[in-house]
Amino acid sequence: MTTVLQIVNGAAVKIGLKTAEVDLEAFEFQQILDELNDMLSMWADRGWTPAFSPVSNSTDTVGIEESSVSAVKNNLAMTIAPSFSKVITPALAKIASDSLQMLQASTVYIGRVAYPDTLPTGSGNNCFDG
């Protein structure tokens, strides 16, 4: 299970806000945490992270599937970069876009389509050899 600290630190590293030597300040952490909750709440409304519920502490477990953690980190980095005056590199933008598309593709489900009883079936689909 992934914790809030892992996601927040991962996103901060991607934009160069956090390094091995420099930890996040409390207000920076809280700002990123708020953005994380906002982003994942929006994604939950769209059906991309159905198991999400808001988090409040660094040790809380984020209720998302493991396969979506990368998309969350990458897109959270894209979301917070302007707030911290960090430049979004083209590589990060591409990675975030690709990971979000993969997340969307893995969570979108198109159910069975109900056809009316009056719809003709098989018309023109018979193939006779002879």
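Across all non-hydrogen atoms, the minimal contact from P54 to N37 is CA-OD1, 3.4 Å. Across all their heavy atoms, V72 and M39 have their closest contact at O-CE, 3.5 Å. In terms of heavy-atom proximity, A44 sits nearest to T49 at N-OG1, 3.4 Å. For the pair I88 and A81, the tightest heavy-atom approach, listed with the atom from each and the gap, is CG1-CB, 3.6 Å. Scanning both residues, A11 and A77, for their nearest heavy atoms gives O-CB, 3.6 Å.
Side-chain contact between I32 and L76 is present, with heavy atoms from C-beta onward closer than 4.5 Å. Here the side chains of T3 and T59 are not in contact, with every heavy-atom distance at 4.5 Å or above. Considering only heavy atoms from C-beta on, V8 stays 4.5 Å or farther from S58 through its side chain. Contact annotation: the side chain of K86 approaches that of L17 to within less than 4.5 Å [non-hydrogen atoms, C-beta and beyond]. Residues W48 and L100 form a side-chain contact, since some pair of their non-hydrogen atoms from C-beta on lies under 4.5 Å apart. V4 is not listed as a side-chain neighbour of N57, based on a closest heavy-atom distance of 4.5 Å or more.
The hydrophobic cluster containing W43 does not contain M102, counting ILVMFWY residues as joined when their side-chain heavy atoms lie under 4.5 angstrom apart, directly or transitively. Under the 4.5 Å side-chain contact rule for hydrophobic residues, V13 and L92 do not share a cluster. Side-chain heavy atoms closer than 4.5 Å link hydrophobic residues (I, L, V, M, F, W, Y) into clusters, and following such links, possibly through other members, connects F29 to L36. Note: the hydrophobic cluster containing L5 also contains F84 (ILVMFWY, side chain heavy atoms under 4.5 Å, direct or indirect links).
Within a 6.0 Å radius of CD in E65, no more than 12 heavy atoms belonging to other residues, nucleotides or ligands are found.
In this structure, T79 contributes its side chain and N75 its backbone to a donor-acceptor pair below 3.5 Å.
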inquiry  = Pair D38, M42 - check side-chain contact (heavy atoms from CB on, under 4.5 Å), show working.
reply    = CA-CA 6 Å; D38 292 346; M42 181 180 66; over 6 Å; no

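For the atom pair NZ of K73 and OG of S68, the computed distance is 11.0 Å after rounding to the nearest 0.5 Å. Taking CG from L40 and CD1 from I7, the interatomic distance works out to 6.5 Å, rounded to the nearest 0.5 Å. Atoms CG and CZ, from L103 and R46 in turn, are 11.5 Å apart once rounded to the nearest 0.5 Å. The distance from atom OG1 of T19 to atom CG of L24, rounded to the nearest 0.5 Å, is 9.5 Å. To the nearest 0.5 Å, the span separating OG1 on T89 from CE on M78 amounts to 8.5 Å. Remark: S99 OG to K94 NZ distance equals 10.5 Å, nearest 0.5 Å.
Side-chain contact annotation: N74 with S70, donor-acceptor N/O pair under 3.5 Å present.
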